[in-house]
Asks: 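Take a look at the following structure, please.
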Amino acid sequence: MKIYRALKTRFGSGMWWPHETPFEVMVGAILTQQTVWKNVDLAIENLKKKGFMDPGPLAEAPIKEVEKCLRPSGFYKQKSARVQNLARYVTDNYNGDIGSFFDRGVDHVRNELLSLPGIGPETADSMLLFAGNRAKFVVDAYTFRVFTRLGVDFEGRYDVAQDFFEKRLPEDAELYKNFHANIVELAKNYCKVRPLCRKCPINEYCTYPGKRI
DNA sequence: ACCCAGGTGGCCC
DNA sequence: GGGCCACATGGG
């Protein structure tokens, strides 16, 4: 909670995941895997231009066309198959209605997402939090890096890390969104593989040996 | 010329 | 269950 407040003071609480629809968030969650957002944004714009940013049209789109759109976001063949599979799943089972897809027990929705190819724990939780507005804390590589340098041991496990945060924070989707966004901001600016610790806003909590460089 | 990026799935032991 | 590896483009 101290870290949350320190980061909020430094980075604020502006909206982070830009989108027009929940489905766009879900597609973006897959596209942003191991990829910078700038390239994801190009791919999303390409999909929108073709009218593919909806479950029905994306489900019906020729895969080659989808691949052309997704080229900038990397791993484009895999990602094309995966986003189209997601589109087909929600059209076939929920008539393309994302609202009704999320309108069930969180664990149930989460397991359903995890059963789809290309959706692992982080992507599922990103969808639940940012598209479904459910209070699921998202753990990514930045979260691991930042909190490992703060001296926390997650045993390298996603579920351990997630429990760590969900036990310590109020169950509040907006807070989770904000905290995750600010962890990413922190990591991109100060907590890279080679850290830039001089002006890091949470330096006083850090146990990383190189923090005095 | 490297190294990194808002992971996941497959294969091997 | 843990340790590699492929997947692919774009920027520092």
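Here is the naming used below: chain letters follow the sequence lines, and residue numbers restart at 1 for every chain.
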Asks: What contact category does V193(A) fall into here, base, sugar-phosphate, or nothing, at under 4.0 angstrom with non-hydrogen atoms?
Replies: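 Sugar-phosphate contact only - V193(A) comes under 4.0 Å of backbone atoms but never of a base.
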
Asks: Side chains of E185(A) and Y190(A): any donor to acceptor distance under 3.5 Å?
Replies: no

Asks: Should the pair K79(A)-E67(A) be classified as a salt bridge under the 4.0 Å nitrogen-to-oxygen rule?
Replies: no

Asks: Between F165(A) and F154(A), how do the two ring planes meet: parallel, tilted or perpendicular, split at 30° and 60°?
Replies: tilted

Asks: Counting neighbours of CD on E171(A) that are heavy atoms of other residues, nucleotides or ligands and sit closer than 6.0 Å, is the number greater than 12?
Replies: no

Asks: Does the R168(A) side chain pair with the main chain of M1(A), one donor and one acceptor, at a distance under 3.5 Å?
Replies: no

Asks: If you pin K38(A) and G74(A) to their nearest nucleotides in DNA chain C, which one's is more 5'?
Replies: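 By nearest-heavy-atom nucleotide position, the 5'-most residue is G74(A).
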
Asks: Can you check the distance between dT8(B) and dG10(C), where both ends of the measurement are the P atom (answer in whole Å)?
Replies: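 Rounded to whole Å, the distance is 23 Å.
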
Asks: Using a heavy-atom cut-off of 4.0 Å across all strands, would you classify L70(A) as base, sugar-phosphate, or nothing?
Replies: nothing

Asks: Base, sugar-phosphate, or nothing: which does I119(A) touch, judged by heavy atoms less than 4.0 Å apart?
Replies: sugar-phosphate

Asks: Indicate yes or no for a side-chain donor-acceptor contact from T143(A) to the backbone of D140(A) under 3.5 Å, with no hydrogens or angles considered.
Replies: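 Judged by distance alone, yes, a pair lies under 3.5 Å.
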
Asks: Tell me, which of residues 134-153 of chain A have any heavy atom that sits under 4.0 Å from an atom in DNA chain C?
Replies: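 The answer is none.
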
Asks: Could you list where the contact with chain A starts and ends along DNA chain C, reading 5' to 3', using a 4.0 Å heavy-atom cut-off?
Replies: dC7(C) to dG10(C)

Asks: With a strict under 4.0 Å distance from non-hydrogen atoms of chain A, what nucleotide opens and what nucleotide closes the contacted stretch of DNA chain B, reading 5' to 3'?
Replies: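 Answer, 5' to 3': dC4(B) to dG9(B).
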
Asks: Determine the interplanar angle of the F137(A) and F179(A) rings, folded into 0 to 90°, and report it as parallel if under 30°, tilted if 30 to 60°, perpendicular if over 60°.
Replies: perpendicular

Asks: Judged by each residue's nearest nucleotide on DNA chain B, which is more toward the 5′ side, G118(A) or T35(A)?
Replies: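 That would be T35(A).
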
Asks: I'd like to know if the side chain of D41(A) and the backbone of W37(A) have a donor-acceptor N/O pair within less than 3.5 Å.
Replies: no

Asks: So what does E122(A) touch, heavy atoms closer than 4.0 Å: a base, only the sugar-phosphate, or nothing?
Replies: sugar-phosphate

Asks: Distance-only, no hydrogens or angles: does the T123(A) side chain make a donor-acceptor pair with backbone N or O of I30(A) under 3.5 Å?
Replies: no

Asks: Closest nucleotide of DNA chain C for K77(A) versus for E155(A): which of these residues is on the 5' side?
Replies: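 This one resolves to E155(A).
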
Asks: Report yes or no: does D103(A) contribute a side-chain atom to a donor-acceptor pair with the main-chain N or O of G99(A) at less than 3.5 Å?
Replies: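 Not confirmed, D103(A) side chain does not pair with G99(A) backbone.
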
Asks: In whole Å, measure the gap between the P atoms of dC5(C) and dC3(B) for me.
Replies: 14 Å

Asks: Under the salt bridge (Lys or Arg N to Asp or Glu O under 4.0 Å) rule, what do R88(A) and E60(A) come out as? Steps first, then yes or no, please.
Replies: CA-CA 8 Å; R88(A) 287 180 176 161; E60(A) 300 299 323; over 6 Å; no

Asks: Within the 4.0 Å heavy-atom criterion, would you say K192(A) contacts the bases, only the backbone, or no part of the nucleic acid?
Replies: nothing

